[in-house]
Each structure stands twice: as structure tokens, then as C-alpha cells.
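Notes to accompany the following structure.
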Amino acid sequence: MTKVLSGKEVADKINQQTQQVVEELKLIHHIPALAIVRVGEDPSSIAYETAAIKAMNQVGIEVESIVFPEDAPSEHILSAIDDLNENADTHGILVMQPLPESLSRNEVALRISPDKDIDGLTPSNLGKLVENDQTGLWPSTPKAVMELLAYYEIELAGSDVCVIGSSPVVGKPLSILLLNAEATVANCHIKTKDLTQYTRQADIVISATGAPHLVSPEHVREGAVVIDVGYGQVDGKTCGDVQYDAVAEKAAAITPVPGGIGTITTAVLAEQVVKAAWKMTKAS
Ligand code: NAD
């Protein structure tokens, strides 16, 4: 029977550990705190912010939201990031996407202090990821996938993994984390000529494209593990990249959407705020 890989169990375990560290920090009078920066009123950004605030509150992390109007000058946003970098009471900075056209993701990534970069987007943390240096802070969604694979004891060393999607936020850093775990990784994307050729060989297929229902039973070999990072809407219903019911019949294990990776991502964000706070406390 196909095993459903629930994200909630994984998130609960991470949250328990995070909460313990929060308690330890509070005993020495340090309250971990996250600052969220949002520009404009994009509904998906607001939904993600709401989920992040809930996840932080659940484990005792303080949250401050700084909201700019859509037409705010880039300098105002970057200067707010400078202030948060300097503020000793702020341990993590999360800048919500999408950003206005006038401000690139790269400009933001270069401005955030790597010590407070709890979504792992700065060049310094991405360099540490490539080096497999555990002092770094990782991009939260790729780390959420790794947490799920570890929790369900899915063997990575020597396994063939196909990651579909190669964005700098999900697919590319995830491929590196999998390589660090000694998997053999094929990273496919929109220009891949024959996607099925790669996915059918894989022990584990991980899809992070945002193309609803892209992964069909033809893409997956019997007994594969299928992880769906995609999050989209079709006819008002939330769905992932994978044709869940049909693929579940072939797969040994599969993540649901919702209730899979997304559930773990916010727990990972909280975990990384606490990691950053702990490091800063030790340094002070
Ligand atoms: P993106 O648009 O930046 O990148 C999409 C990637 O998928 C690209 O590399 C593109 O080449 C590839 N792609 C698109 N269509 C394809 C197709 N038909 N065949 C093969 N490759 C294709 O998106 P992203 O930010 O990486 O996000 C990907 C998905 O993951 C989205 O659905 C997003 O909502 C979701 N997401 C989920 C979480 C979470 O916590 N669950 C977090 C971040 C993103």
C-alpha cells in the first residue's frame, strides 16, 4: 500500500525541538524574534506571511511585520533591512516575494546580514550550502524536503533522484542538498528535452515547478517515492505538480498537497530563527 508522507508529523517534531531551544533562550533572557518585510498586498504573500506568523507564535518566537506600499522607493526598503541588520533584538529577517519590479531579489540578498538570513538567500549562505558547511542557514523549502526524507528514513546515499524545477529558491539548492547527502541527482527544468527519460529512472522524484498535474503515472516507475513541492490552484482547488490519485497507485510513498512540504516549510523557518538567535547569543 502507498504510504502517505504527512508533513504535519515532521513539522510537529521540528516544532517540539524548536520550542525547547526557545525555552532555553528565554531562561537566559533572550527572546528570539523574526522581522517580516512585505511590499504591497499580493494575496499569496499575505497568506504565506500569516502562516509564518502562526508558526512563530506556536513556538514562542516574536514577530514584527514591516509593510511597505507597492510604490515604496527601493532605498526605503533596503534601509529598513539595514536597520534590522543592526537591531540586536531581531534575529531573523524574512523578505516576502514577490518584490516590486524596481527591486531585484539579488539586491535584497546582498543586503540582508547572512547571520539573520533565515531563508538562506544570501551568497554567503548559498556558498556554505555548496560547501556543506552546517553553520549556514538553508533555503527553507529545500530544507523542508530534506527534513521529510530524513523523518521517513528514505535512503539518499546512492539513490537516483530526479528534481524537476531549477529555481534558485527551490530546485537548485535542493539538488545541492541532495548531492551533499550522496544521492545521484538529475535536475530537470522547462528546457529538458525528455523529462520522462529522467523521472522514470529515479528512485525518488521531487517536483517543484508550479505546473499543476505535470507529473503523471507515465513519469514514475513502480515503487518510486514522489515528493510534490508544487503549490497551485486549479478551478479554485489547491493542487500540486503531481496527479496525486493516479501517481499514488504506482508510488511506494507520496506527499499530499496541501499537508505535505508546505506544512514543514514554516516550521523550518522557525527552526532557523532559533538557530540564528542561538548563534548571536553565543557571539554576544
Ligand atoms: P519558479 O517559477 O521560480 O521555477 C519553476 C521551475 O520549474 C523552473 O526551473 C522551470 O524551468 C521549471 N518548470 C516549469 N514548468 C515546467 C515544466 N512543464 N516541465 C519541467 N520544468 C518546468 O518556481 P519556484 O519558486 O521554484 O516554485 C516552484 C513551485 O513550488 C511553485 O508551485 C511554488 O508555489 C512552490 N513552492 C512551494 C513552497 C512550499 O513551501 N511548499 C515554497 C516555495 C515554492
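Heads up: numbering here begins at 1 and tracks the sequence. Nothing here was measured: the structure is a model prediction, and the numbers come from that model. Every number for a ligand or one of its atoms is a count from 1 in the order of the listing.
Between the side chain of Thr265 and the backbone N or O of Ile261 there is at least one donor-acceptor pair closer than 3.5 Å. Under a 3.5 Å cut-off, the side chain of Ser113 and the backbone N or O of Asp115 do form a donor-acceptor pair.
Using a heavy-atom distance under 4.0 Å as the criterion, the protein contacts of ligand 1 are Thr141, Ile164, Gly165, Ser166, Ser167, Val170, His189, Ile190, Ala208, Thr209, Gly210, Leu214, Val229, Gly230, Tyr231, Gly262, Thr265.
Shortest non-hydrogen contact noted between Val161 and Ala183 is CG2-CB, 3.7 Å. Nearest heavy atom pair, residue Leu214 against residue Ser207, reads CD2-OG, 4.4 Å.
Between Glu147 and Lys143, at least one side-chain N (NZ, or NE/NH1/NH2) sits under 4.0 Å from a carboxylate O, which counts as a salt bridge.
Each side chain to side chain donor-acceptor pair (under 3.5 Å) pair with one or both residues in residues 246-259, not counting sequence neighbours, would appear here, but there are none.
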